[in-house]
Amino acid sequence: MIKHALSVTRQADFAAWYQDVIAEADLAEESGVRGCMVIKPWGYGIWERIQTIMDAGIKDMGVQNCYFPLFIPLSFFEKEADHVDGFAKEMAVVTHHRLIQDRSPGGGGKLIPDPEAKLEEPLIVRPTSETVIGAAMSRWVQSWRDLPLRVNQWANVVRWEMRTRMFLRTAEFLWQEGHSAHDSKEDALAETMRALELYRSVAEDALALPVIAGEKPENERFPGAAATFSIEAMMQDGKALQAGTSHYLGTGFAEAANIRFQDKDGGHSLCHTVSWGFSTRTIGAVIMTHGDDDGLRCPPRIAPHQIVIVPMLRDNEEDQAILDYCASLQAELKALDAFREPLRVHLDAGANKAQTKRWGWVKKGAPIILEIGPRDVAGGNVAVIRRDRLYKDDGKLDSAFTPRGEFVAAAVATLGEIQGNLYAEAKERLHANIRRDVTDLAAHYAGEDKFTGWVEVQWSRPTGGVLDGIVEQLKALKLTMRNTPLDAAPADGACFFTGEPAVERVLIGRTY
RNA sequence: CGGGGAGUAGCGCAGCCUGGUAGCGCAUCUGCUUUGGGAGCAGAGGGUCGUAGGUUCGAAUCCUAUCUCCCCGACCA
């Protein structure tokens, strides 16, 4: 019987386990403000790693970073009708610019918005920035020579969600949003696909999240988009999580913001615009994909510390020799490169007991933990714990005594192996749980707690009332259409829903 | 936003029904012992009981309002 580091197992209560990981791995905590969380150093460190890798990819695309305001005039926001429909219900609104003490009877001198300081036009806190960036684009774009115009920003956004969950759906979250304007639909669609490919590669290569890239069905599109594409990841409970989206916005936003260019023939045309976003939500995906009953398992590429050295200090004269040994080991490892970056090696010389530190790093998911005691110093060894295989067959912690030189020589390869193992494990789970032979969705998805994964069916991509009927039918089973995978086999049969000739395949599942 | 549950020490909880101003376990601190590994014994510190009102001689406990969290639903790029 293994004694695990967490008090709740995934099996017993997946939702409680998820929250326990966030608390025990010190990723984030409640803030006292509804739906908003404090992202703690280990959680934010993971986000910084994601940012570093994503930002490099964005710059490789040739997209430039800039920054647009948090506040958007209501008049900008209300220009695009579908966009309004999608977001109006969850908007934070700024109406005043000053506080005063309430001197009225019963007011008690409390601070209240000054009625004299009411804004002439309310400002909304951005839920996404298409409208305010569109206004800038309309100034920046004059001629076909100004196109394509491609920018990105790293920002926080606010959506007043009714039901929030740490990382997965918070009222305020962090993301990057890329925006571009193009002279043709073809060019805009190509950009949409480039962004989707960036997300796929960052998710798979850095976060070790195997994903299915595809197009969202019409009913799942971003408000105002002509086409929405997503990458979908499968969590350990079989639910889907949308980990990144890119949108071809057509000319709707260009029309609303008046983004026009003079073409080579001297005529004026509307731009085709694109937007794409990737958020802190993906940290939730990492937790639910790689976490186990001992906490998080952090893929090496996004681990703030890839190797943590824990000295076994005993409060005696040997301590200094142990610390010296650890410091030289740290220096030796930091001189190495893994994944084309210097190794991130942390020496935990804090005052806590070694056992406390060790289990703390296990819960945080440090890929490799090295424990160094007096005998290691004397014998030139390190005791190696790998987070991807924590226990031996007998249920005991697998702490392997290894000659120091041997460990150092293999360290980079070992990190690569851990990264690969986490990905391979998740990929196997993903593909093993996409069923293509299901004929009765109700029977397949019967039972609340059953792990059900996803179902892929062929369909005729109906629209209008027929599509609405299908959506309702799925909704009764708590199912949604995730996307139509880009690399799916061609359709060769009848539509699962209508019986008409199918045109493509679509994934169905429960979702976060 | 509707239904349900909860908020008491860093964490997990008891006390509330039947008001008399706080307790347990873990963690923390000190000492001794132990020492290849999630230690043992002894002692100690730490809480305006989510917040604001009200009832009362007296409120963690009763009443009202409010904030936050969790679960289900509706909603959701």
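Note that the structure is predicted; figures quoted are calculated from it, not measured. The figures that follow rest on heavy atoms only: side chains count, while hydrogens, waters and symmetry mates do not. Lettering follows sequence order; numbering is per chain, from 1.
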Using purine N1 to pyrimidine N3 plus N6-O4 or O6-N4 for Watson-Crick, or N1-O2 and O6-N3 for G-U wobble, both under 3.5 Å, which nucleotide pairs with [N]?
| N | result |
| --- | --- |
| B/C26 | B/G10 |
| B/C41 | B/G31 |
| B/G2 | B/C72 |
| B/C17 | none |
| B/C62 | B/G54 |

Can you tell which of [options] lies closest to the side chain of [X]?
| X | options | answer |
| --- | --- | --- |
| A/Arg34 | B/U68, B/G38, B/C71 | B/U68 |
| A/Gln19 | B/C70, B/G38, B/A74 | B/C70 |
| A/Glu90 | B/C76, B/A39, B/C70 | B/C76 |
| A/Arg314 | B/U35, B/C75, B/C76 | B/U35 |
| A/Lys478 | B/C71, B/C72, B/G38 | B/C72 |
| A/Gln355 | B/C72, B/G36, B/A39 | B/A39 |
| A/Thr164 | B/C70, B/C76, B/G36 | B/C70 |

Can you tell me how far [atom2] of [N] sits from [atom1] of [X], to the nearest Å?
| X | N | atom1 | atom2 | value |
| --- | --- | --- | --- | --- |
| A/Asp20 | B/C69 | CG | C1' | 15 Å |
| A/Met166 | B/C69 | CE | C1' | 9 Å |
| A/Lys3 | B/C26 | NZ | C1' | 11 Å |
| A/Arg358 | B/G37 | CZ | P | 9 Å |
| A/Glu371 | B/U35 | CD | P | 18 Å |
| A/Arg281 | B/C76 | CZ | P | 14 Å |
| A/Asp376 | B/U35 | CG | P | 18 Å |

Looking at every strand, decide which applies to [X] at a 4.0 Å heavy-atom threshold: base, sugar-phosphate, or nothing.
| X | result |
| --- | --- |
| A/His4 | base |
| A/Lys363 | nothing |
| A/Gly277 | nothing |
| A/Ala5 | base |
| A/Thr128 | nothing |
| A/Pro223 | sugar-phosphate |
| A/Arg165 | sugar-phosphate |
| A/Tyr391 | base |
| A/Trp276 | nothing |
| A/Gly379 | nothing |
| A/Ala15 | sugar-phosphate |

Please give the distance between the [atom1] atoms of [N] and [M] as a whole number of Å.
| N | M | atom1 | result |
| --- | --- | --- | --- |
| B/G45 | B/C69 | C1' | 29 Å |
| B/G10 | B/G47 | C1' | 12 Å |
| B/U8 | B/A52 | P | 15 Å |
| B/C26 | B/G54 | P | 41 Å |
| B/G37 | B/C24 | C1' | 29 Å |
| B/G15 | B/U61 | P | 15 Å |
| B/A59 | B/U21 | P | 11 Å |

Do A/Tyr44 and A/Trp42 make the cut of ring centroids closer than 6.0 angstrom?
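Centroid separation for A/Tyr44 and A/Trp42: 6.0 Å or greater.
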
Suppose we call two aromatic rings close when their centres sit under 6.0 Å apart. Are A/His83 and A/Phe77 close by that rule?
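Centroid distance A/His83-A/Phe77: below 6.0 Å, so yes.
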
Name of the residue among A/Glu204, A/Glu232, A/Met234 meeting side chain to side chain contact (heavy atoms under 4.5 Å, CB included) with A/Val211:
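In the set A/Glu204, A/Glu232, A/Met234, the residue that makes a side chain to side chain contact (heavy atoms under 4.5 Å, CB included) with A/Val211 is A/Glu204.
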
Residues that A/Thr480 engages under side-chain contact (heavy atoms from CB on, under 4.5 Å), provided they are two or more places apart
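Testing A/Thr480 for side-chain contact (heavy atoms from CB on, under 4.5 Å), a comparison that skips the adjacent residues, returns A/Glu220, A/Arg482, A/Thr511.
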
Can you name the side-chain contact (heavy atoms from CB on, under 4.5 Å) partners of A/Glu317, sequence neighbours left out?
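Residues passing side-chain contact (heavy atoms from CB on, under 4.5 Å) with A/Glu317: none at all.
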
With respect to the phosphate group of [N], does any side-chain polar atom (N or O) of [X] fall under 4.0 Å of OP1 or OP2?
| X | N | value |
| --- | --- | --- |
| A/Lys353 | B/G38 | no |
| A/Lys475 | B/C75 | yes |
| A/Arg163 | B/C72 | yes |

Quick check with a 6.0 Å cut-off and a 45 degree axis cone: is A/Lys364 positioned over the face of A/Trp361's six-membered ring?
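Verdict for A/Trp361: a cation-pi partner in A/Lys364.
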
Answer yes or no for A/Arg194 and A/Tyr199: cation-pi contact, defined as NZ/CZ to six-membered ring centre under 6.0 Å and angle to ring axis within 45°.
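A/Arg194 over A/Tyr199 ring: no.
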
Does the pair A/Arg404 and A/Ser328 meet the rule for a side-chain hydrogen bond (donor to acceptor under 3.5 Å, both in side chains), with working shown?
CA-CA 11 Å; A/Arg404 171 172 166 167; A/Ser328 82; 2.9 Å; yes

Return whichever of A/Glu24 or A/Gly373 has its heavy-atom-nearest nucleotide of RNA chain B closer to the 5' end.
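The residue mapped nearer the 5' terminus is A/Glu24.
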
Could you pick out which residue, A/Ser399 or A/Tyr512, lies toward the 5' side of RNA chain B when each is mapped onto its nearest nucleotide?
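First, find each residue's nearest nucleotide; the 5'-ward one identifies A/Ser399.
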
